[in-house]
Amino acid sequence: MVERLGTLARTHTCGALTAGDVGTEVVLLGWAHRVRDLGSLVFIDLRDRYGLTQLTARDDAALVEAAKRVRSEFVVAAVGRVERRAADAVNPKMPTGEVEVVLRELRVLAEAKTPPFQIAEDAAASDETRLRYRYLDLRRPRMQQNLLLRHRVTLAVRRYFDAQGFLEVETPVLTKSTPEGARDYLVPSRVHPGQFYALPQSPQIFKQILMIAGVDRYVQIVKCFRDEDLRIDRQPEFTQVDVEISFATEELVFGVVEGAMREIFRVVGREIEAPFRRMSYQEAMARYGTDKPDLRVGMPIEDLSAVFADSTFDVFRDAVASGGAVRGIVVPDGARSSRRVIDELVEQAKALGASGLAWVRAPDGTVQGSILKAAGEATLRAALDAAGATSPDLLLLAAGEPAAVSRMLGQLRLSIARKAGRLKPEDLAFLWVVDFPLFEWDGAERRWVSMHHPFTSPREEDLGRLESAPGEAHARAYDLVLNGSEIGGGSIRIHDPELQRTIFRLLRIGDEEAKERFGFFLEALEYGTPPHGGIALGVDRIIMILAGEVPIRDVIAFPKTTAALDLMAGSPSPVDPRQLDELHIRTVAKADGPGDR
RNA sequence: GGGGUCGUAGUUCAGUUGGUUAGAACGCCGGCCUGUCACGCCGGAGGUCGCGAGUUCGAGUCUCGUCGACCCCGCCA
């Protein structure tokens with residue numbers, strides 16, 4: 001039977017009571033976490049987002065009967081007196097374990113069906129079940145922690161940027177499809193048949209227009225939408241701290257962001273060191289095989305082409321002669337590895353696309369290795385020296401097209417470090433990756449495309465050869481990387497309309513198209529645009545790292561599955577044909593609707 | 001778009017070469033218990049083996065299709 005809350009008001013939360021409250025009459029409201037029925041003595045652990053408190057029903061037969069009827073996840077009101085537990089009944093595992101509330105009255109405010117999984121147990125439910133009953137999953141302490149952390153981080157971000165003179169301005173969610181980039185989510189217009197809004201991939205153009213509008217320092221914690229396939233750290237809608245600054249240089253942006261990261265990490269009680277390390281894109285790609293190196297471990301990729309250019313080992317010699325490279329990584333203390341372990345590395349390298357992987361070591365001064373006969377001891381000794389390998393180390397070598405070799409060794413490096421337990425979550429390796437190319441060649445479309453986005457300023461020294469050597473131009477773009485994860489990216493923008501038109505021309509975005517798609521922006525640029533630049537920080541990924549959570553889903557209250565479904569709400573879903581009529585839309589594909597689950 | 005792993009009780013899983021009545025743990029229901037806190041003890045209920053075809057005397061098990069979850073590649077300015 002369900003009873004009324006009536007005039008009962010909560011006096012304390014379930015995490016609040018301590019020995020100092022003994023003797024106090026309290027009213028607690030929460031969920032029955034666990035019920036322990038000992039006959040004429042019943043314990044109920046009452047839970048809210050602040051903690052657990054033990055309720056005790058005894059002596060009063062009617063009250064004990066009422067407590068016996070309570071089931072998991074019932075919502076109850078508890079009225080009683082705080083009492084100190086006997087010394088042998090104290091629970092040191094609970095913050096409230098020194099006391100209990102001896103019930104005078106117990107009201108069941110809401111009954112609950114038996115939950116599909118136990119809230120009291122951590123994990124032990126499939127993603128599918130958790131997502132379908134997200135409101136139950138979110139009741140679990142771990143998820144509550146994540147929600148709280150997220151709240152505190154966004155609060156710290158707002159405080160910090162406010163103190164720095166930034167203004168939070170909201171930009172439209174119903175906006176216009178932006179050029180290039182990811183696939184847009186589209187929203188049909190009812191009023192304008194056949195026309196569509198797009199949900200923002202980022203508020204890029206709007207924040208630049210805010211600079212033109214004189215906002216000077218803009219920040220927004222904002223949802224962004226990209227209709228691309230999902231990953232463990234990627235959701236179709238995600239949150240950014242979007243930042244734009246007038247009269248900005250790279251140094252100014254870096255300083256502001258480093259300050260923001262300092263405040264964010266203070267939320268979890270950590271002091272970080274700034275300024276952050278910087279590395280060129282070229283170095284990152286060559287020495288770590290990725291544009292987001294995880295610098296918690298060393299093991300950079302060494303180029304050993306010179307050592308093998310004239311060697312007797314024809315595979316490596318020929319690779320160098322035909323424009324390839326011989327590169328390697330030094331595995332610290334790898335010399336003791338068993339043959340089985342090394343064979344596994346070779347297999348792994350092949351699985352990553354390598355034609356082979358050679359290894360060299362000299363544990364007791366004697367050179368050993370898979371290519372000892374072919375390359376000779378002197379050459380291998382030179383290779384060990386050039387790579388900086390000492391006797392306890394193992395040198396792994398591969399040859400081929402330089403970028404491909406580095407990519408493979410980069411993946412091998414991460415895998416080795418992970419297996420060795422050297423990627424510790426408590427270590428923090430921040431890195432600015434800079435000097436990105438301005439353009440990439442799109443072989444399929446046979447044209448240049450922006451590596452960052454088309455509003456990114458080229459470096460001044462590249463302006464003269466933009467048209468003659470677009471592939472060699474560098475962008476004033478930067479990414480912020482933390483522990484191998486890209487947590488931010490931005491650039492100094494183009495503020496000169498003439499240069500912006502040149503870039504569009506190079507991207508083969510015709511005048512007509514440019515005018516149609518963002519003519520308003522080109523026009524705005526003509527009215528006195530301050531030099532400006534900014535960045536967007538990935539809130540979800542930052543929270544992931546702070547919380548030590550791996551799937552990004554676990555730091556988002558209502559995430560989507562890898563098939564971009566909301567299993568709780570059941571979206572997307574077919575709509576009433578009348579809605580489609582109003583929107584002037586006729587569908588071609590037949591919607592399957594939610595699966596037959 | 002491609003590749004991989006998985007789908008069996010409310011939940012998490014086991015299930016041998018295709019063979020009688022599909023098991024375990026937790027949860028759930030009932031009983032006993034005044035100091036439990038993952039309470040304990042006794043008893044019980046609970047299954048469209050994701051869905052649909054096919055092979056077979058016989059399918060949880062094999063084949064094909066389909067739906068869904070997860071991970072990776074492509075994609076993600």
Atom CZ of A:F117 and atom P of B:A9 are separated, to the nearest Å, by 17 Å
Taking B:G18 as the reference, what is the distance to B:C57 when you measure between their C1' atoms (whole Å, please)? 12 Å
Nearest whole Å is fine: how far is B:C39 C1' from A:N91 CG? 12 Å
N or O in side chain of A:S126 less than 4.0 angstrom from B:U12 OP1/OP2: yes
A:E244 and A:R493 ion-paired at < 4.0 Å: yes
Taking atom P in both B:U16 and B:C6, compute the distance separating them and give it to the nearest angstrom. 14 Å
Between A:R71 and A:E111 (salt bridge meaning N to carboxylate O under 4.0 Å), is one present in this structure? no
Can you give one letter per nucleotide of nucleotides 41-47 of chain B, going 5' to 3': B for a protein heavy atom under 4.0 Å from the base, S for sugar-phosphate only, - for none? -------
Are any of the side-chain nitrogens in A:K68 or A:D37 under 4.0 Å away from the carboxylate oxygens of its partner? yes
Could you measure between the two P atoms, the one in B:A22 and the one in B:G46, and give it in whole Å? 12 Å
Between B:G7 and B:A14, how many Å separate the two C1' atoms, rounded to a whole number? 15 Å
Which value, in whole Å, describes the distance between the C1' atoms of nucleotides B:G1 and B:U63? 25 Å
Expected list for residues 89-98 of chain A: side-chain donor-acceptor pairs under 3.5 angstrom, two or more places apart:
unit_1 : atom_1 : unit_2 : atom_2 : d
A:N91  : OD1    : A:K93  : N      : 2.9
A:T96  : OG1    : A:L52  : O      : 2.5

Pairwise P distance, B:G60 and B:G19 [rounded to whole Å]: 10 Å
Over all atoms of both residues, closest heavy-atom pair of A:Q201 and A:A182: NE2-O, 2.7 Å
Whole angstrom is fine here: how far is it from CZ in A:R234 over to P in B:C75? 10 Å
When rounded to the nearest Å, what value does the distance between C1' atoms of B:C67 and B:G27 take? 28 Å
Determine the Euclidean distance between corresponding C1' atoms of B:G44 and B:A9; express it in Å to zero decimal places. 15 Å
Grab the CZ-C1' distance between A:R134 and B:A69 for me, whole Å please. 14 Å
